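Written below as C-alpha cells is the structure these notes are about.
Residue numbers begin at 1 in each chain, while the letters A, B, ... track the order of the sequences. Keep in mind that what you see is a predicted model, and the values were worked out from it rather than measured. Basis for what follows: all heavy atoms, side chains included, without hydrogens, waters or symmetry-related copies.
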Protein chains: 2
Amino acid sequence: MENTIATSIFESLSSGVRLDVFRLLVKKGMEGMVAGEIASTLNVPPTNLSFHLKALTQNRLLSVEQEGRFQRYRANIPLMLDLIGYLTEECCEGHPEYCAEMREASMCCDAVLPKN
Amino acid sequence: MENTIATSIFESLSSGVRLDVFRLLVKKGMEGMVAGEIASTLNVPPTNLSFHLKALTQNRLLSVEQEGRFQRYRANIPLMLDLIGYLTEECCEGHPEYCAEMREASMCCDAVLPKN
DNA sequence: ACAACTATTCAACGATTATTGAAATAATGA
DNA sequence: TCATTATTTCAATAATCGTTGAATAGTTGT
C-alpha cells in the first residue's frame with residue numbers, strides 16, 4: 001500500500017457520516033445495503049449521503065452494484081485489512097516483545113494482533 | 001471508542017506527513033524519536049513538523065516527553081489497536097464465515113485477524 | 001408514454017486545513 | 001551571563017471540505 005492511497009482512505013474515514021456508513025457496511029458484510037436504506041438508518045439527507053458514498057467509492061472503501069432502481073453498497077473488507085497491515089507493519093522494529101506492555105493496555109489486542 | 005474520537009484520529013492520519021511520522025514511530029516503538037531526528041529523517045521543515053506533531057499529540061496518537069532540550073515522541077500503540085478494533089468490530093455480523101472469501105483476498109489477513 | 005420512485009449532480013456558502021518565514025520560548029554549556 | 005541549539009507559536013495566505021435545496025438522470029410498473 002502506498003502512502004497516497006492510505007492517506008486518501010484515512011481522509012475518507014475522517015468524517016463522522018462516512019465512518020458511520022463504512023462501519024455499518026462492515027457489519028452487513030456481503031449483504032450490503034442500498035443507498036436509501038443507509039440514509040434512513042443513519043438519518044442523513046439523501047443528497048448529503050450521496051456525496052459521502054461517492055467519496056468512499058472513489059477511494060475503493062465501498063463497492064457499488066446496480067440492482068434494479070437501487071444502488072447496493074458493500075464495504076471493501078480486504079482493503080480495510082491491507083490498510084491495517086500498512087499501519088501496523090514492522091511494529092517495534094519486528095520485536096513485539098518490546099511493545100508487549102503497550103498491547104496489554106489495549107482491550108482489543110487479542111482480537112486483532114497475534115501475540116507472537 | 002466514540003465516533004468523534006475515531007474521526008479525529010483518522011483525520012490525523014489523513015495527512016501524508018502525519019502518516020509518515022506515525023508509522024515511523026510505530027516502528028521505533030518505546031524508543032521513540034526526538035523532533036529534530038524525525039524532521040531530518042522525513043525531510044520536513046521543523047516548523048511544519050511541529051504543526052503536525054501537535055495535531056498528532058492532541059489526538060493522543062503520540063505521547064511526548066521532555067528530555068533535556070529535546071522532545072521525545074512515541075506512538076500510542078494501544079490507541080491504534082483500539083481504533084482497529086472499533087473499525088472491525090462486528091464484521092459480517094459476527095459471522096466471519098460470511099466474509100472468508102474477502103479475507104482470502106487480503107495479503108495481510110493472517111497477520112491481523114484471526115480466522116476463527 | 002407516463003407517473004412514481006431512487007439516487008446523483010450542481011451551485012453556493014461557510015468553515016476548516018496546510019504551509020511558510022519570522023519571531024518567541026526553553027534548555028544547555030562555556 | 002551569553003551564545004547556541006531545539007522546538008514551538010504566530011500571522012497570513014491559498015486551498016480544500018461539508019452541507020443544503022433545486023434540478024437532473026435512470027429504472028420500474030401500468
Side-chain angles (χ1 to χ4, degrees), chain A residues 2-25 28 31-75, chain B residues 2-25 28 31-75:
Chain A
E2 290 176 19
N3 180 294
T4 54
I5 305 290
T7 54
S8 69
I9 295 174
F10 284 127
E11 203 266 311
S12 276
L13 298 173
S14 69
S15 142
V17 171
R18 289 195 295 266
L19 181 56
D20 284 341
V21 169
F22 184 72
R23 292 203 330 131
L24 179 61
L25 290 175
K28 287 289 178 177
E31 180 189 352
M33 287 176 85
V34 300
E37 199 181 358
I38 300 170
S40 60
T41 300
L42 299 179
N43 273 304
V44 178
T47 185
N48 188 19
L49 180 66
S50 188
F51 169 81
H52 291 298
L53 288 175
K54 182 182 175 184
L56 286 161
T57 305
Q58 281 178 338
N59 289 330
R60 299 199 307 135
L61 271 168
L62 301 185
S63 66
V64 58
E65 184 186 5
Q66 183 112 18
E67 193 177 291
R69 71 179 92 177
F70 302 89
Q71 300 285 116
R72 182 167 296 271
Y73 287 88
R74 293 183 180 88
Chain B
E2 289 178 21
N3 181 293
T4 54
I5 306 289
T7 54
S8 68
I9 295 175
F10 285 127
E11 203 265 310
S12 277
L13 298 174
S14 69
S15 141
V17 172
R18 288 195 298 264
L19 181 55
D20 284 341
V21 169
F22 184 73
R23 292 183 66 236
L24 179 60
L25 290 174
K28 287 289 177 175
E31 179 189 352
M33 288 176 85
V34 300
E37 198 180 358
I38 300 170
S40 59
T41 300
L42 299 179
N43 272 305
V44 178
T47 183
N48 190 17
L49 179 67
S50 187
F51 169 81
H52 292 297
L53 288 174
K54 183 181 175 183
L56 286 161
T57 305
Q58 280 178 336
N59 289 331
R60 298 200 306 136
L61 272 167
L62 301 185
S63 66
V64 58
E65 185 186 5
Q66 182 114 18
E67 194 176 293
R69 73 177 91 179
F70 302 90
Q71 300 285 115
R72 181 167 296 270
Y73 288 89
R74 294 183 180 88

Separation of dT17(C) atom P from Leu13(B) atom CG, nearest Å, is 15 Å
Does Arg18(A) reach the main-chain N or O of Glu11(A) with its side chain, forming a donor-acceptor pair under 3.5 Å? yes
- Query: With a 4.5 Å heavy-atom cut-off, do Leu53(A) and Val64(A) have their side chains touching?
  - Reply: no
Margin query: For a quick test of reading the model: is some side-chain N or O of His52(A) closer than 4.0 Å to OP1 or OP2 of dC17(D)?
Written below: no
Taken to the nearest whole Å, CG/Asn48(A) to P/dG18(D) is 9 Å
What nitrogen or oxygen pairs link the protein and nucleotides 9-15 of chain D at under 3.5 Å?
residue : atom : partner  : partner atom : Å
dT9(D)  : O4   : Thr47(B) : OG1          : 2.7

Per the under-4.0 Å heavy-atom filter, residues of residues 33-46 of chain B near DNA chain D come out as Val34(B), Ala35(B), Gly36(B), Pro46(B)
Let me have the donor-acceptor pairs involving side chains of residues 32-45 of chain A, under 3.5 Å, with sequence neighbours excluded, atom names and distances please.
residue  : atom : partner  : partner atom : Å
Ser40(A) : OG   : Gly36(A) : O            : 3.2
Ser40(A) : OG   : Glu37(A) : O            : 3.1
Thr41(A) : OG1  : Glu37(A) : O            : 2.7

Winner on side-chain proximity to Glu11(B), out of dA18(C), dC17(D), dT8(C), is dA18(C)
OG (Ser12(A)) and CG (Leu61(A)) are apart, to the nearest 0.5 Å, by 5.5 Å
Polar atoms only, N or O, under 3.5 Å: list the protein pairs with nucleotides 24-29 of chain D and their distances.
residue : atom : partner  : partner atom : Å
dT28(D) : O4'  : Arg69(A) : NH2          : 3.2

Look only at the side chain of Ser50(B) and the backbone of Thr47(B), and say whether a donor-acceptor pair between them is shorter than 3.5 Å.
no
Would a distance-only check, ignoring hydrogens and angles, find a side-chain to backbone donor-acceptor pair under 3.5 Å from Ser8(A) to Ile5(A)? yes
Sorted by chain and residue number, the salt bridge (charged side-chain N to carboxylate O under 4.0 Å, His left out) partners of Glu67(B) (sequence neighbours excluded) come out as Arg72(B)
To the nearest angstrom, the CG-P distance between Leu62(A) and dT8(C) comes to 11 Å
When rounded to whole Å, the CD to C1' distance for the pair Gln71(B) and dT25(C) reads 11 Å
One should read off an interatomic distance between Glu2(A) CD and Thr7(A) OG1, to the nearest 0.5 angstrom, of 10.0 Å
Value for NE2 (His52(A)) from CG (Asp20(A)), rounded to nearest 0.5 Å, stands at 10.0 Å
Rounded to whole Å, the CG-P distance (Leu49(A) to dG18(D)) equals 13 Å
Separation of dG18(D) atom C1' from Leu53(A) atom CG, nearest Å, is 14 Å
Sequence neighbours excluded, the answer for side-chain contact (heavy atoms from CB on, under 4.5 Å) partners of Phe10(B) is Phe10(A), Leu13(A), Ser14(A), Leu19(A), Ala6(B), Leu83(B), Leu87(B)
Is the shortest side-chain N/O distance from Tyr73(A) to OP1 or OP2 of dT8(C) below 4.0 Å?
yes
**OP:** Please say whether more than 12 non-hydrogen atoms of neighbouring residues, nucleotides or ligands are located less than 6.0 Å from CD in Gln66(B).
**Re:** yes
Here the distance between atom P of dT8(D) and atom CZ of Arg72(B), to the nearest Å, is 14 Å
